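Since we're looking at a predicted model, the values are computed, not measured.
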Amino acid sequence: MLKKKGDDAALAKIAQAPEPYREIGERLHRIIRDRAPSLEAEVRWGIPFYMKGGEDVCYIKTDKNYIVFGFGEANNPTVEEGSGMHPVAWTITSLSEADEVRIGDLVAKAAG
């Protein structure tokens, strides 16, 4: 498995996505950096992952028709006590300001 570390590697992978998904991926990357600057970026299996202490916190997976944003199981901020089902990833085709705020809050919670 080839690993590339750092923001430059993550942004280079995101830059390969077609518009409008490239721009959405760049916005997601900025949200992650703004809300959880201590996370370490690393590209594995062609996917930018953002990690804390060696554990995956979140990731951005690009495709030609959408972008996927998700969380690792160990730090998933959507887990609700008593619930047997919780989301780990979202397929994103557009990104509103309200979506940005929600994603930023979830990233901060997961990285906390």
Pairs touching residues 92-112 that satisfy ring pair (Phe, Tyr, Trp, His ring centres under 6.0 Å), sequence neighbours left out: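 Every pair satisfying ring pair (Phe, Tyr, Trp, His ring centres under 6.0 Å) with a residue in residues 92-112: there are none.
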Atom pair CD1/CG of Ile103 and Leu95 - distance to nearest 0.5 Å: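 If I round to the nearest 0.5 Å, the distance is 5.0 Å.
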Pairwise distance CD(Glu26) to CD1(Ile31) - rounded to 0.5 angstrom: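 The distance works out to 12.0 Å.
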Quick check: is [Y] connected to [X] through a chain of hydrophobic side chains (ILVMFWY, heavy atoms under 4.5 Å apart)?
X	Y	result
Ile32	Ile92	yes
Val68	Val107	no
Leu39	Phe49	no
Tyr66	Phe69	no
Leu28	Met51	no

Side chain to side chain contact (heavy atoms under 4.5 Å, CB included) between Arg22 and Glu19, intermediate numbers included: CA-CA 5 Å; Arg22 176 183 316 129; Glu19 287 298 344; 3.2 Å; yes
Residues that Asp34 engages under salt bridge (charged side-chain N to carboxylate O under 4.0 Å, His left out), provided they are two or more places apart: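 Partners of Asp34 under the salt bridge (charged side-chain N to carboxylate O under 4.0 Å, His left out) test: none.
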Validation: residues 57-65 side-chain donor-acceptor distances under 3.5 Å, sequence neighbours left out:
unit_1, atom_1, unit_2, atom_2, d
Asp63, OD2, Asn65, N, 3.0

Asp7 CG: over 12 foreign heavy atoms closer than 6.0 Å: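 More than 12 within 6.0 Å, yes.
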CD/Glu97: more than 12 non-hydrogen atoms of other groups inside 6.0 Å: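 Atom CD in Glu97 is not packed in, count stays at 12 or less.
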Carboxylate-amine/guanidinium contact Glu23 Arg27, below 4.0 Å: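 A salt bridge is present here (some side-chain N lies under 4.0 Å from a carboxylate O).
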Partner residues of Tyr50 under the side chain to side chain donor-acceptor pair (under 3.5 Å) criterion, sequence neighbours left out: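 So Tyr50 forms a side chain to side chain donor-acceptor pair (under 3.5 Å) with His29.
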For Gln16, all residues meeting side chain to side chain donor-acceptor pair (under 3.5 Å), sequence neighbours excluded: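 With neighbours one apart ignored, the set is Lys13.
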Exam field: side chain Lys4 to backbone Val43, donor-acceptor pair closer than 3.5 Å: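 A pair under 3.5 Å: no.
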Of all pairs that satisfy salt bridge (charged side-chain N to carboxylate O under 4.0 Å, His left out), the ones with a partner from residues 102-112, not counting sequence neighbours: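 Sorted result for residues 102-112: Arg35-Asp105.
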